[in-house]
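Start at 1 and go down the list; that is how both ligands and their atoms are numbered. Numbering of residues begins at 1 and proceeds along the displayed sequence.
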Amino acid sequence: MASESNAAENGGVEEGATEPETALETARRQLDHAAEYLSLDQRIVERLRYPKKVHEVTIPIERDGGSVEVFTGYRAQHDSVRGPYKGGLRYHPEVTRDECVGLGMWMTWKCAVMDLPFGGAKGGVAVDPKALSADEKERLTRRFAQELRNVIGPKQDIPAPDMGTDSQTMAWLMDAYSMQEGETIPGVVTGKPPVVGGSEGRAEAPGRSVAIVTKLAREFYDHDLEGTTVAVQGYGSVGANAARLLDGWGATVVAVSDVNGAMYDPSGIDTSSVPSHEEEPEAVTEYAETVIPNGELLTLDVDVLIPAALGNVITEENADAVGADLVVEGSNGPTTSTADATLTERGIPIVPDILANAGGVTVSYFEWLQDINRRSWSLERVNDELETEMRAAWNAVRHEFERRDVTWRDAAYIVALSRIAEAHEARGLWP
Ligand code: GLU
């Protein structure tokens with residue numbers, strides 16, 4: 001089973017998952033902060049602080065033993081001024097309404113910074129997917145699809161994989177939706193297996209975009225990738241793909257980790273010989289000669305640190321100890337606002353999640369186009385077009401970064417917010 005447990009796509013790291021700040025609080029602070037740079041209509045900014053709708057559903061499923069258990073699921077639809085809502089569905093015990101709203105806001109900015117014709121949404125079920133059998137997970141997914149049926153669709157809202165969900169989850173969702181609609185509708189979700197309308201290259205895309213922007217950022221600061229030292233937290237589809245590509249492009253990956261700890265080798269890790277979370281879950285340390293704690297990985301003296309596991313791992317407690325020259329955010333929301341301010345003060349640039357891991361949703365867009373046209377693209381075409389889109393987004397963000405002398409995060413928000421506000425102004429408030 002092809003697996004994509006996104007964080008943007010998980011990576012099997014759970015250490016450091018304390019919640020010093022909710023995703024919604026971080027997202028709102030970032031919005032308010034970036035809005036200060038733009039002379040935006042304050043009414044639009046106020047609107048964007050709230051989701052358009054949040055759907056909350058209960059999902060009863062029969063456990064394998066015959067008992068019935070009821071789980072709570074959400075779909076937070078933030079903004080759709082630029083197109084249908086878009087964003088992942090996560091299965092994680094800590095999924096809450098507010099988390100979905102905050103992550104949905106990030107999807108709105110992410111799609112806008114990439115100039116995709118989508119808005120933002122996020123959803124999920126508060127459940128520990130590791131505690132479910134495959135059959136139970138299938139029943140949960142099909143029932144969740146049924147509960148969301150009236151509010152999702154290829155022109156309305158298009159879910160995708162996220163933490164704890166994968167291409168198989170998306171195939172079940174598409175099947176349940178299609179069965180009810182009476183026709184096969186592959187465009188209702190993205191991140192499906194290619195055999196049922198998924199795109200080549202989708203599973204690797206978030207990691208690929210992280211690698212591409214790492215390269216562009218190193219070039220911006222006049223450094224070659226050759227010899228650049230990199231530490232990657234999380235070895236799921238984001239972390240492992242980013243690490244392997246960077247390794248292949250000449251960087252020296254000195255540390256990679258999962259929930260059990262980090263493998264550390266200052267002379268460079270052969271990233272292809274370490275199994276990713278999908279290939280062999282939580283096995284990184286079994287292949288390591290030297291193991292260090294996940295917390296220590298974040299403080300290593302490296303050129304680039306890529307947090308690609310959970311959110312909120314760089315916090316006020318450890319921001320002072322981060323030893324990297326550059327942080328590239330692979331997961332969604334790995335840096336709290338306070339930590340962000342500390343790193344900025346210390347002169348450590350952070351390439352934000354909404355740009356760095358946006359390869360996932362960008363190839364989701366390609367998948368949606370392929371589904372609508374009933375015509376699949378080659379892997380080569382997907383990767384070429386992804387590179388083109390990432391470079392275009394990078395250049396737009398770099399332009400604001402240089403012009404306004406702001407952080408990379410603010411520059412990305414400025415690009416995204418300007419596009420969203422312009423669309424709101426053009427469409428107007430009705431009635
Ligand atoms: N869950 C992914 C993210 O956070 C992808 C969303 C999508 O493809 O719609 O970016």
Inset, instruction - Could you tell me whether R75 and E147 have a side-chain N and a carboxylate O separated by less than 4.0 Å? - result: no

Numbering as shown, the atoms of ligand 1 that approach [X] to under 4.0 Å (heavy-atom distance):
X    : result
P161 : 1 (N), 2 (C)
K110 : 3 (C), 4 (O), 10 (O)
K86  : 7 (C), 8 (O), 9 (O)
K122 : 1 (N), 3 (C), 4 (O)

Inset, instruction - Kindly confirm or rule out a cation-pi arrangement of R381 over W377, judged by NZ or CZ under 6.0 Å from the six-membered ring centre and within 45° of its axis? - result: yes

Inset, instruction - Return yes or no for this condition: an N or O of A160 is under 3.5 Å from an N or O of ligand 1. - result: no

Inset, instruction - Could you establish whether P159 and ligand 1 come within less than 4.0 Å of each other, counting only heavy atoms on the residue side? - result: no

Inset, instruction - Indicate whether the side chain of N312 and that of T336 have a donor and an acceptor atom separated by less than 3.5 Å. - result: no

Inset, instruction - Going by heavy-atom distance to atom 5 (C) of ligand 1, choose the closest among M170, R202, R90. - result: R202

Legend entry - Contacts of E402 that satisfy side-chain hydrogen bond (donor to acceptor under 3.5 Å, both in side chains) - sequence neighbours left out: none

Inset, instruction - Could you tell me which residues satisfy side-chain hydrogen bond (donor to acceptor under 3.5 Å, both in side chains) with Y50, sequence neighbours excluded, listed by chain and number? - result: none

Inset, instruction - With heavy atoms only and a cut-off of under 4.0 Å, state how N332 meets ligand 1: side chain, backbone, both or neither. - result: side chain

Inset, instruction - Would you indicate whether R346, at its atom CZ, is surrounded by more than 12 heavy atoms from other residues, nucleotides or ligands within a distance under 6.0 Å? - result: yes

